[in-house]
Protein chains: 2
Amino acid sequence: MEKISNDCLQKFKAVNDVKDILSGKWKVMIIASLSVFGEKRYMELQRIIDGIGTKMLSKELQELEINGLIKRTVMDTKPITVKYELTAYGLTLTPIIDEMASWGIQHRERVIKEMSAK
Amino acid sequence: MEKISNDCLQKFKAVNDVKDILSGKWKVMIIASLSVFGEKRYMELQRIIDGIGTKMLSKELQELEINGLIKRTVMDTKPITVKYELTAYGLTLTPIIDEMASWGIQHRERVIKEMSAK
DNA sequence: CGGGATCCAAGAAGATACTG
DNA sequence: CAGTATCTTCTTGGATCCCG
């Protein structure tokens, strides 16, 4: 008779895990960048993600790499360049990003409506 | 020729909006609690969400209320009680929570496999 | 270019005590 | 019970300099 409760708890804890993995101010946006725009270089990420500094970018990229969500590749170009991309595992986050994106788009429409309603 | 780029940017910004609205260490877990378990009281939320203190709980609940995602109702019981629940708008976040939950569950299975593989 | 190291300011968050 | 107020601690993150 507590079957439902256990399922809910399971679900709740699962959300908590995702929270932990995507904790940090910028991780979701890094994933979103790589998910939406595809493979990017360090500098490009910094330009895309508004307001992020080199320190935080490096730190969160490393944490994401440790968790196996992104892959870091050093290219042997004249001045060295590094590209980042989602791993196969990181790509499985796409549905979450997509859900967030579509919700955000609807949210914008809602906000616009509210403003014009005044 | 920059049509695709604009769509991507739109999408990216939309994700960013969601980030902002769900910013803060506990907001996602509060939403998840109310989504998974349904209407809850202040104290119940504090018990469910491991580690949260009264200060953060109050603060983030207020912010969520301001954003129209949750509804706060004061019940006139002997010792006063307050219940929180998702608004119709807050309920639209359910798909995101569900995606996170199912990803988290698969993530757990993966971690378990990795450990037993050793 | 892609970072690492250091220093420092600001804000987020915890603990505790208190109130209606 | 449901918070608020206060104080302290910890984390975040910005700025800067440096290195391969």
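Lettering of chains follows the sequences in order, A, B, ..., and the numbering in each one begins at 1.
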_Whole angstrom value for the distance that separates P of dG3(D) from CG of Leu64(B)_ = 13 Å
*Apply the side-chain contact (heavy atoms from CB on, under 4.5 Å) test between Leu86(B) and each candidate in Leu69(B), Ile30(B), Leu91(B); give the one that qualifies.*
Leu91(B)
*Which residue pairs pass the ring pair (Phe, Tyr, Trp, His ring centres under 6.0 Å) test with at least one member in residues 59-79 of chain A, sequence neighbours excluded?*
none
*With sugar-phosphate meaning primed atoms plus P, OP1 and OP2, does Gln62(A) contact a base, only sugar-phosphate, or nothing at under 4.0 Å between heavy atoms?*
sugar-phosphate
*Could you work out the complete set of other residues in the hydrophobic cluster of Met115(B), with links drawn between I, L, V, M, F, W and Y side chains under 4.5 Å apart?*
Val111(B)
*Looking at residues at least two apart in the chain, or sitting in another chain, which of them share a ring pair (Phe, Tyr, Trp, His ring centres under 6.0 Å) with Trp26(B)?*
none
*Should Tyr89(B) and Ile105(A) be regarded as members of a common hydrophobic cluster, given that ILVMFWY residues are connected when their side-chain heavy atoms come within less than 4.5 Å of each other, either directly or indirectly?*
no
*asked:* Could you tell me how far apart Leu57(A) (CG) and dA5(C) (C1') are, to the nearest whole angstrom?
replied: 17 Å
*Roughly how many Å is it from CZ in Arg47(B) to P in dG3(D), rounded to a whole number?*
16 Å
*asked:* Is there a path of hydrophobic side-chain contacts, each under 4.5 Å between heavy atoms, that joins Ile31(A) and Ile66(A)?
replied: no
_Under the rule for salt bridge (Lys or Arg N to Asp or Glu O under 4.0 Å), what residues qualify as partners of Glu39(A), not counting sequence neighbours?_
Lys83(A)
*If we fit an axis to the first five pairs and another to the last five of the helix from dC1(C)-dG20(D) to dG20(C)-dC1(D), what angle do they make, to the nearest 10°?*
50°
*asked:* Please report the distance, rounded to the nearest Å, between CD in Glu65(A) and P in dG3(C).
replied: 9 Å
*Scan for salt bridge (Lys or Arg N to Asp or Glu O under 4.0 Å) pairs involving residues 62-73 of chain B, sequence neighbours excluded, and state none if there are none.*
Lys27(B)-Glu63(B)
*State whether Tyr84(B) places a side-chain N or O below 4.0 Å from either non-bridging phosphate oxygen (OP1 or OP2) of dG3(D).*
yes
_Under 4.0 Å protein heavy-atom contacts per nucleotide of nucleotides 13-20 of chain C, with B for base, S for backbone only and - for none_ = BBBB---B
_Within residues 35-44 of chain A: residues closer than 4.0 Å to DNA chain C (heavy atoms)_ = Arg41(A), Tyr42(A), Met43(A)
*Of all residues at least two apart in sequence or in a different chain, which pass the side chain to side chain donor-acceptor pair (under 3.5 Å) check with Arg110(B)?*
Glu114(B)
*Under the ring pair (Phe, Tyr, Trp, His ring centres under 6.0 Å) rule, collect the residues that match up with Phe12(B), sequence neighbours excluded.*
Phe37(A)
*Write down the distance between CD1 (Ile30(A)) and C1' (dG2(C)), rounded to a whole number of angstrom.*
14 Å
*Any donor and acceptor pair, going by atom type alone, linking the side chain of Ser35(A) with main-chain N or O of Ala32(A) inside 3.5 Å?*
no
*Give me the residues of residues 66-76 of chain A where at least one heavy atom lies under 4.0 Å from an atom of DNA chain D, by number, or none.*
none
Show the atom names and distances, to 0.1 Å, of all donor-acceptor pairs under 3.5 Å that link a side chain in residues 40-47 of chain A to residues at least two apart or in another chain.
| unit_1 | atom_1 | unit_2 | atom_2 | d |
| --- | --- | --- | --- | --- |
| Tyr42(A) | OH | Thr54(A) | O | 3.1 |
| Tyr42(A) | OH | Ser58(A) | OG | 2.9 |
| Glu44(A) | OE1 | Arg41(A) | N | 2.7 |

_Between Asp17(B) and Arg108(A), is there a side-chain heavy-atom distance shorter than 4.5 Å?_
yes
*Nearest-angstrom distance from the residue atom CG of Leu45(B) to P of dA2(D)*: 9 Å
